[in-house]
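Written below as structure tokens is the structure these notes are about.
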Number of protein chains: 2
Amino acid sequence: MNLKQLSSMLDLSQTTVSRALNGYPEVAEETRRRVVDAAKRHGYRPNPSARRLATGKAGMIGYVMPTGASVEIDPHFVEFLSGLGDYARTHELDLALSPSTMEDEETTYRRIVANRQVDAVYISSPRPKDSRIRLLNELGIPFIVHGRSEGLDFDYPFLDIDNEAAFYEAARLLVQLGHRRIALINGNPDQTFAIHRERGARRAMVASGVELPPSRIRALPMTEENGYSAAREILAAKERPTAIMCSSMLMTLGIIRALRDAGLSVPGDVSLVAHDDVFPFLRPENFPVPLATTRSSIRSAGQRIAERLAARIGGLEEGARGEVWPVDLVVRGSVAQART
Amino acid sequence: MNLKQLSSMLDLSQTTVSRALNGYPEVAEETRRRVVDAAKRHGYRPNPSARRLATGKAGMIGYVMPTGASVEIDPHFVEFLSGLGDYARTHELDLALSPSTMEDEETTYRRIVANRQVDAVYISSPRPKDSRIRLLNELGIPFIVHGRSEGLDFDYPFLDIDNEAAFYEAARLLVQLGHRRIALINGNPDQTFAIHRERGARRAMVASGVELPPSRIRALPMTEENGYSAAREILAAKERPTAIMCSSMLMTLGIIRALRDAGLSVPGDVSLVAHDDVFPFLRPENFPVPLATTRSSIRSAGQRIAERLAARIGGLEEGARGEVWPVDLVVRGSVAQART
DNA sequence: GCGAGTAGTCAAAGCGCTTTGGATTTCGTG
DNA sequence: CACGAAATCCAAAGCGCTTTGACTACTCGC
């Protein structure tokens with residue numbers, strides 16, 4: 001069933017049918033109803049290739065997928081992708097994934113842009129002074145960064161959550177509860193988000209005269225394994241912390257096991273706050289002790305980025321708009337007053 | 001730079017240029033050289049949409065991405081995707097991901113087939129009597145299953161590794177080394193691969209009069225966490241096993257921590273063999289004690305599936321061909337003679 | 001009652017590629 | 001030396017959609 005058939009069936013021109021379906025104003029409401037109705041009844045779906053050819057749009061969002069040694073992105077990547085796909089699916093957009101090693105990244109971006117294979121691109125896990133951002137900026141293809149870089153001498157569009165405020169608030173809560181020795185188990189320090197979280201936590205503590213010495217900070221790829229070992233080290237110190245902030249619920253699983261091994265209770269001996277990216281398979285409520293979190297759905301971010309990318313493709317969004325989402329602080333049983 | 005421009009530049013017709021580029025025989029070698037050369041020099045790339053429109057092929061491989069509560073697929077999925085993408089990238093194929101909940105799966109498959117959005121589809125993590133396979137078979141779209149189902153009353157194309165033989169060999173090795181109490185920590189039992197692995201292990205043991213009681217089997221989603229808890233339980237038994245076989249290196253990380261917690265050494269107290277999907281970020285050689293594995297690259301499987309899918313699209317492969325890859329057994333320091 | 005708008009519709013021209021159905025030229029043979 | 005078969009190459013017809021530029025039929029104000 002194609003346009004031609006549908007229009008002859010309705011005794012209308014292809015023009016009118018096409019316009020009716022695409023919401024153009026110059027078609028009578030009555031006619032539009034007829035057309036939309038018939039299209040639905042006959043299951044008409046416009047051929048994407050034809051549409052793309054006619055409009056010159058590729059109808060695809062591209063992503064250069066690093067395939068090197070980065071375990072870190074995995075669960076986040078799939079979840080983010082789900083969000084992106086949720087939006088894309090309902091808006092005639094497809095996702096094109098281009099696997100690439102770290103070294104070939106630049107070449108890959110150049111290729112997909114030159115081939116006109118995609119209308120827009122997104123970048124994830126930005127680092128400070130991220131070279132990919134500069135490259136895409138030069139290539140002139142619409143893009144959005146999921147997260148933020150730092151130290152770049154130009155602006156660019158991004159979507160980020162307010163990591164600094166999130167950890168500021170979480171630290172402030174702990175301080176208000178009387179905690180004076182607070183540890184931070186963070187994500188990989190070459191990722192901007194980790195830098196921001198440490199900054200936020202430190203700001204809240206400094207404001208109250210609480211220290212955050214290097215001995216109480218760990219910054220590692222966010223695996224359960226790393227959470228465990230980081231926690232073990234930190235808990236072994238003579239001045240054991242009474243609270244731990246963590247960048248990842250996966251890591252927190254490791255922290256909890258370390259606490260259990262050390263015979264320490266939550267929140268009796270140690271309070272816990274973690275950042276929750278809202279994975280469907282790991283919910284803070286289901287932790288042994290319900291886990292207090294700073295929460296922001298990475299999946300929603302994926303949806304929003306798809307939406308903004310679509311807007312950029314359509315020329316509805318321009319300029320280097322940065323969007324920063326507030327983060328919820330959800331207090332649950334894993335935090336308590338510090339023992340005096 | 002499009003076909004028209006290129007051909008007028010060469011003083012040839014579009015027909016000839018197109019044929020020269022696509023390797024048709026009715027063009028003189030000398031002419032072909034000229035054309036190919038000019039195309040390269042001017043960086044000509046055919047417009048994918050136009051090509052698709054003309055050929056009627058979507059030029060895409062589809063995958064319905066489950067977005068429900070399945071942590072299990074994550075790292076495997078990304079790695080597999082890398083392989084698929086490696087091939088696809090160099091063959092004018094794109095990957096289209098359609099996220100879907102478990103419940104909507106069937107609807108989603110119907111949709112992408114009806115919309116002609118993809119030329120072929122692959123299915124991963126098949127379960128016994130997997131309904132998706134039946135559906136795609138009925139819809140008549142080319143597809144390949146990564147893995148195998150069981151109990152279906154028709155044949156279908158698949159690519160699987162020989163899980164049964166792999167675990168048969170591994171178990172046989174352990175038995176030959178004198179082990180009599182061998183445990184199996186397996187993946188989720190509703191996945192066919194887990195069933196096959198247990199079958200293989202059991203067959204080898206039974207053949208030597210060694211038992212594999214339920215108390216020494218665990219079958220869970222393959223996370224580090226689950227590996228840890230499964231191992232703890234199994235090691236707590238009075239008749240502690242002297243060897244453990246595991247379906248996943250991620251789980252094995254958990255097993256090793258459990259062993260360490262229990263003060264047991266590898267391979268002194270317990271021998272260890274695990275299946276290795278060859279993740280770039282987790283190599284068996286780098287384990288505390290180099291880990292013996294049954295090895296098969298999930299990434300290569302992705303490449304091969306892309307290749308076969310491409311062949312099916314092109315009509316070069318037909319019928320329900322099943323392909324089973326042998327699995328390497330790589331002996332390393334984590335296995336040793338059982339203590340007598 | 002007439003000219004100017006305004007709605008609503010349509011025919012036709014692409015978009016860039018593949019492919020069908022000839023033309024034209026070249027060449028081996030009888 | 002003529003003739004049919006190869007060997008080459010080409011013009012033109014789609015593929016299914018969007019969009020431009022016009023056309024027709026009303027409606028409205030004066």
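On a predicted model such as this, the values are computed, not experimentally measured, just so you know. To find a chain, count down the sequence lines: A is the first, B the second, and so on, and within it residues start at 1.
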Please examine the side chains of Gln303(A) and Leu84(A), heavy atoms only from C-beta on, and report whether any two atoms are closer than 4.5 Å.
-> no
Between CD of Glu26(B) and P of dA23(C) the distance, given in whole Å, is 17 Å
Separation of dT19(C) C1' from Lys57(B) NZ (nearest whole Å) = 14 Å
Report the nucleotide, chosen from dA11(C), dC10(D), dC17(C), that has the shortest atom-to-atom distance to any side-chain atom of Thr15(A).
-> dA11(C)
Of the listed dG16(C), dC17(D), dC10(C), the closest approach to the Asn2(A) side chain comes from dC17(D)
What nucleotide, of dT8(D), dT9(C), dT19(C), holds the atom closest to the side chain of Ala28(B)?
-> dT8(D)
What's the closest nucleotide to the Thr55(A) side chain, out of dC17(C), dC17(D), dT18(D)?
-> dT18(D)
Taking only the side-chain heavy atoms of Ser18(B) (C-beta and beyond), determine which of dT19(C), dT18(D), dT20(D) contains the nearest atom.
-> dT19(C)
Does Leu53(B) or Glu29(B) map to a spot on DNA chain D nearer the 5' end, using the closest nucleotide for each?
-> Glu29(B)
What's the CG-C1' distance between Leu3(A) and dA12(C), to the nearest Å?
-> 15 Å
Nucleotide nearest Asn22(A) (side chain, heavy atoms from C-beta), chosen from dT18(D), dC10(D), dC15(D) = dT18(D)
Can a salt bridge be assigned to the pair Glu138(A) and Arg134(A) using a cut-off of 4.0 Å between side-chain N and carboxylate O?
-> no
Give the rounded distance in Å between these two atoms: CG of Leu21(A) and P of dT9(C).
-> 14 Å
Starting from C1' on dT26(C), measure out to CD on Glu30(B) and report it in whole angstrom.
-> 16 Å
In terms of ring plane angle, is the pair Tyr156(B) and Phe158(B) parallel, tilted or perpendicular, where the classes change at 30° and 60°?
-> tilted
d(CG, Asn47(A); P, dC17(C)) in whole Å | 17 Å
Gln14(A) CD - dA12(C) P separation (whole Å) = 12 Å
Closest of dT18(D), dC17(C), dT9(C) to the Val27(A) side chain is dT9(C)
Measure from the side-chain heavy atoms of Tyr24(B) and tell me the nearest of dC17(D), dG8(C), dT19(C).
-> dT19(C)
Looking at dC9(D), dC17(D), dC15(D), which one has an atom nearest to any side-chain atom of Pro46(A)?
-> dC17(D)
Sub-4.5 Å side-chain heavy-atom contact between Tyr87(B) and Leu309(B) = no
Between His146(B) and Phe80(B), how do the two ring planes meet: parallel, tilted or perpendicular, split at 30° and 60°?
-> parallel
Counting just side-chain N and O atoms, does Thr16(B) come under 4.0 Å of either OP1 or OP2 of dC9(D)?
-> no
Of all the nucleotides listed (dG8(C), dT20(C), dT8(D)), which has the minimum atom distance to the side chain of Thr31(A)?
-> dG8(C)
Between C1' of dG16(D) and CG of Leu6(A), the distance in whole Å | 12 Å
